[in-house]
Protein chains: 2
Amino acid sequence: MEVCITSLLRDRGFKVTPQRLAIYNMLSSTKSHPNAEMIFNELQAMYPTMSLATVYKTMEILKEIGLVQVLNAGEDSFRYDAVMTNHPHVRCTECGQVEDVYDINIDAFVNEVSQGTKYQIMGQQFYFHGICPTCQRKNSN
Amino acid sequence: MEVCITSLLRDRGFKVTPQRLAIYNMLSSTKSHPNAEMIFNELQAMYPTMSLATVYKTMEILKEIGLVQVLNAGEDSFRYDAVMTNHPHVRCTECGQVEDVYDINIDAFVNEVSQGTKYQIMGQQFYFHGICPTCQRKNSN
DNA sequence: TTTTTTATAGAAAACAATTATCGAGTAGTT
DNA sequence: AACTACTCGATAATTGTTTTCTATAAAAAA
Ligand SMILES: [Mn+2]
Ligand SMILES: [Mn+2]
Ligand SMILES: [Zn+2]
Ligand SMILES: [Zn+2]
């Protein structure tokens with residue numbers, strides 16, 4: 001993993017810096033799909049001098065070398081995911097958490113659309129919104 | 001149509017104004033999925049004093065009374081659609097146009113996800129991106 | 001119709017997410 | 001060690017959207 005990002009950065013002429021490693025490590029070890037600000041806040045303790053701009057610039061690079069994907073979950077800010085398979089997400093409209101939708105095969109659906117349109121489809125993004133189990137429980141009390 | 005919006009506005013205590021009618025008319029007679037700025041620009045000739053803020057505020061109201069839906073097509077701004085069925089969209093990454101994806105039944109897919117997750121799904125949004133027929137032709141020259 | 005009440009339009013300012021700029025600093029090379 | 005090019009992070013700029021405020025237009029009352 002760590003070897004991977006180091007060489008990927010170097011091969012493309014990007015320098016390997018503690019900030020970049022920290023950001024990628026943080027992202028690849030969480031399932032929370034954080035946005036830039038969450039990443040920034042989480043790393044602030046360990047890297048007190050790091051700025052939000054660095055997070056944004058690093059995400060740009062990580063996206064470029066194919067290590068992260070940018071999610072649009074219907075919010076005002078983007079979220080990031082170190083899992084590179086294209087999978088659907090669901091966001092809780094009450095607590096804001098974004099999770100993966102598991103066990104869903106999107107290929108059939110994507111193929112159907114690809115064949116039904118004259119566009120040359122390059123990618124897609126699916127997101128659902130609703131109420132998470134925790135908030136459902138909270139509501140029923 | 002016009003009766004519909006007029007009474008819908010009135011019933012909810014909103015006033016019926018020329019601006020609101022113009023914005024809704026423009027939106028419901030186009031297939032272009034315009035964003036706020038496009039709507040503003042298009043109406044500027046006829047309503048020279050109308051401001052962008054009015055467009056945004058009107059869209060908020062129209063959304064509230066169920067006459068428009070807000071689309072997130074993976075851009076930096078929102079697009080609006082007077083067609084209220086939930087249907088997928090495809091955006092051309094070269095010319096930026098956003099179109100409907102026709103002849104696709106999303107219900108089966110949505111149901112599958114609904115049953116596979118512990119979330120109580122309230123809605124979803126699917127968007128594809130790729131290259132439109134026009135831009136494909138342009139590219140091959 | 002005229003008056004009164006109340007919501008609205010639009011200008012301007014405020015906001016929030018993101019991007020650009022730039023000088024000092026640092027990694028990797030010679 | 002010295003050099004060079006890339007990068008960091010502070011700051012400013014940008015952009016889409018929302019809020020604020022007040023004259024005014026629309027609806028209700030008279
Ligand atoms: Mn994910
Ligand atoms: Mn549409
Ligand atoms: Zn929740
Ligand atoms: Zn195109």
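Naming: A, B, ... by sequence-line order, numbering from 1 per chain.
By the 30° and 60° cut-offs, the orientation of the rings of A:Phe109 relative to B:Phe128 is tilted.
Between the side chains of A:Asn139 and A:Glu94, at least one donor N or O lies within less than 3.5 Å of an accepting N or O.
Base contact: A:Thr54 has a heavy atom under 4.0 Å from a base atom. Across all strands shown, A:Gln19 has heavy atoms under 4.0 Å from sugar-phosphate atoms exclusively, and none from any base.
For B:Thr17, no side-chain nitrogen or oxygen approaches OP1 or OP2 of C:dT8 to under 4.0 Å. An OP1 or OP2 oxygen of D:dG16 is reached within less than 4.0 angstrom by no side-chain nitrogen or oxygen of B:Ser77. The side chain of B:Tyr56 places an N or O atom within less than 4.0 Å of a non-bridging phosphate oxygen (OP1 or OP2) of D:dT17. Taking only side-chain nitrogens and oxygens, A:Arg10 never comes nearer than 4.0 Å to OP1 or OP2 of C:dA27.
For B:Glu60 and B:Phe14, each mapped to the nucleotide of DNA chain D holding its nearest heavy atom, the one lying further toward the 5' end belongs to B:Glu60.
Between the P atom of C:dA14 and the CG atom of B:Leu52 lies a distance of 18 Å, rounded to the nearest Å. To the nearest angstrom, P of C:dA17 lies 12 Å from CZ of A:Phe78. For the pair B:Asp76 CG and D:dT17 C1', the computed distance is 12 Å after rounding to whole Å. Residue B:Lys57 contributes atom NZ, which lies 11 Å from atom P of D:dT20 at whole-angstrom precision. If you measure from atom CZ of A:Phe40 to atom P of C:dA16, you get 16 Å, rounded to the nearest angstrom. In this entry the distance linking CG of B:Leu9 with C1' of C:dA9 reads 15 Å, nearest Å. Remark: P of D:dA26 and CZ of B:Arg12 are 22 Å apart, rounded to the nearest angstrom. Taking atom CG of B:Asn35 as the reference point, atom P of D:dT17 lies 7 Å away to the nearest angstrom.
Of the candidates D:dT19, D:dA27, D:dC6, D:dA27 carries the atom nearest the B:Lys15 side chain, counting heavy atoms from C-beta on. In this structure, the nucleotide among C:dT18, C:dT8, C:dA11 sitting nearest to the side chain of B:Arg20 is C:dT8. Of the candidates C:dT8, D:dT17, C:dA20, C:dA20 carries the atom nearest the A:Ala53 side chain, counting heavy atoms from C-beta on.
The one candidate from B:Leu71, B:Asp81, B:Val101 that meets the side chain to side chain contact (heavy atoms under 4.5 Å, CB included) condition with B:His87 is B:Asp81.
Note that the NE2 atom of B:His129 and the OH atom of A:Tyr119 stand 12.5 Å from one another [nearest 0.5 Å].
The environment of A:Met46 atom CE is sparse: at most 12 non-hydrogen atoms of other residues, nucleotides or ligands sit within 6.0 angstrom.
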